[in-house]
Amino acid sequence: MDIGTIHSIWTIVLFASFIGVVWWAFGKSRKARFEEDANLVFADEQKATSEEKGVTK
């Protein structure tokens with residue numbers, strides 16, 4: 001097995017890993033969780049604004 005074959009195998013392994021991560025990240029079953037996580041930043045801002053106005057939840 002020469003270095004060219006090893007590089008080819010490594011490239012295929014990395015490409016398959018990349019496709020796996022993309023498939024995992026864009027899967028429909030995870031969409032709701034990722035959208036909720038994306039809005040966590042805004043939840044902190046809303047809480048701070050409510051506390052400044054004297055409104056507590």
Side-chain angles (χ1 to χ4, degrees):
M1 194 182 305
D2 65 339
I3 194 73
T5 305
I6 293 171
H7 282 258
S8 297
I9 292 170
W10 186 241
T11 300
I12 292 170
V13 168
L14 289 177
F15 182 70
S17 298
F18 174 76
I19 295 299
V21 168
V22 169
W23 181 53
W24 174 80
F26 289 102
K28 290 182 182 182
S29 62
R30 290 167 206 56
K31 184 176 181 178
R33 177 180 168 224
F34 288 151
E35 286 179 355
E36 180 181 335
D37 291 346
N39 289 324
L40 284 174
V41 175
F42 302 118
D44 289 343
E45 291 177 3
Q46 290 173 352
K47 183 179 177 184
T49 303
S50 297
E51 288 174 357
E52 289 174 358
K53 292 180 180 178
V55 178
T56 58
K57 289 186 178 184

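Since this is a predicted model, take the numbers as computed values, not measurements. Just the heavy atoms: all of them, side chains too, but no hydrogens, waters or symmetry mates, feed the values below.
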Show me the side-chain donor-acceptor pairs of residues 8-25 shorter than 3.5 Å, one per line, residues at least two apart or across chains.
unit_1 : atom_1 : unit_2 : atom_2 : d
Ser8   : OG     : Gly4   : O      : 2.9
Thr11  : OG1    : His7   : O      : 2.8
Ser17  : OG     : Val13  : O      : 2.9

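- For the salt bridge (Lys or Arg N to Asp or Glu O under 4.0 Å) test, residues two or more places apart in sequence or in another chain that qualify with Asp37 are Arg33.
- Among residues at least two apart or in separate chains, there is no salt bridge (charged side-chain N to carboxylate O under 4.0 Å, His left out) pair with a member in residues 6-32.
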